[in-house]
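As a basis for the values below, the full set of heavy atoms in this structure was taken, side chains included, without hydrogen atoms, waters or symmetry mates. Note that the coordinates shown come from a computational prediction; the quantities given were computed from them, not determined experimentally. Residues take their numbers from the sequence shown, with the count starting at 1.
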Amino acid sequence: MKKDFIEILLDLLKEKDLSQRDLANGLKIGEGVVSRWLSGKAEPTNKSIGKLAKFFNVPVTYFLDDKKFNKSSTSNDINEKIDFIMHLIEKQDKVIEEMNKRFQIENEMLKKEIKLLKKN
């Protein structure tokens, strides 16, 4: 059975030997926010889950609780999570596209430099 969000976050903090303050500072949020997540008084937004995934270098789905996808989940809940994941994929695609453009420019510059060196 998959762990819930609180257990997952506590395990990651322990594994990385981080405090709530360390996490809050790393995410640039208040310590109270992290405290409310860990006490179950609040749940992170999709944006916060994305930041957590990046901070801990884990996929977004690492934080998704199976309970959120059970029969009591509404299609809006599921669609919201799908939209968030799609948004992350689109962002990643844009970064890859930009990196490819930069690579092509640098490659062309190197080719020109090689031609100049061959002439000399």
> Rounded to the nearest 0.5 Å, how far does NZ of Lys51 lie from CD1 of Ile29?
Replying inline: 7.5 Å
> How close do Phe55 and Asp22 get, heavy atom to heavy atom, and via which atoms?
Replying inline: CZ-O, 4.3 Å
> CG of Leu27 to NZ of Lys54: how many Å apart, nearest 0.5 Å?
Replying inline: 11.0 Å
>> Quick check for you: to the nearest 0.5 Å, what is the distance between Glu7 atom CD and Asp4 atom CG?
In response: 4.5 Å
> How far does CG of Leu18 sit from CZ of Phe56, to the nearest 0.5 angstrom?
Replying inline: 6.0 Å
> Is the backbone of Lys101 close enough, under 3.5 Å, to the side chain of Gln104 for a donor and an acceptor to pair up by distance?
Replying inline: no
>> Tell me if the CG atom of Asn100 is crowded by more than 12 foreign heavy atoms within 6.0 Å.
In response: yes
> Given side chains that start at C-beta, do those of Val95 and Lys91 come closer than 4.5 Å, heavy atoms only?
Replying inline: no
> Any idea which heavy atoms bring Phe63 and Val58 closest together, and the distance?
Replying inline: CE1-CG2, 3.5 Å
>> Please evaluate residues Leu23 and Leu52 with respect to the criterion side-chain contact (heavy atoms from CB on, under 4.5 Å), reporting the C-alpha separation (whole Å), side-chain torsions for both, the decisive distance (0.1 Å), and the verdict.
In response: CA-CA 9 Å; Leu23 179 59; Leu52 284 164; 3.9 Å; yes
> How many angstroms lie between CG in Asn57 and NZ in Lys16, if you round to the nearest 0.5 Å?
Replying inline: 7.0 Å
> Less than 4.0 Å between a side-chain N and a carboxylate O, is that true for Glu97 and Lys94?
Replying inline: no
>> Looking at every heavy atom in both Phe5 and Pro44, which two are closest together, and how far apart are they?
In response: CZ-CG, 3.5 Å
>> Checking Gln92 against Leu88 for the side-chain contact (heavy atoms from CB on, under 4.5 Å) test, could you report, in this order, the C-alpha distance in whole Å, the side-chain angles of both residues, the deciding distance, and whether it holds?
In response: CA-CA 6 Å; Gln92 184 178 24; Leu88 291 177; over 6 Å; no
> Under 4.0 Å between a Lys/Arg side-chain N and an Asp/Glu carboxylate O for Glu98 and Arg102?
Replying inline: yes
>> Any side-chain to backbone donor/acceptor pair from Ser35 onto Glu31? Under 3.5 Å, distance only.
In response: no
>> Evaluate Lys118 against Ile114 for side-chain contact (heavy atoms from CB on, under 4.5 Å), listing each step before the verdict.
In response: CA-CA 6 Å; Lys118 284 185 178 181; Ile114 290 170; 3.8 Å; yes
>> Can you tell me if Asn107 has over 12 outside heavy atoms packed within less than 6.0 Å of its CG?
In response: yes
> Can you tell me how far the CD atom of Gln20 sits from the CZ atom of Arg36, to the nearest 0.5 Å?
Replying inline: 11.5 Å
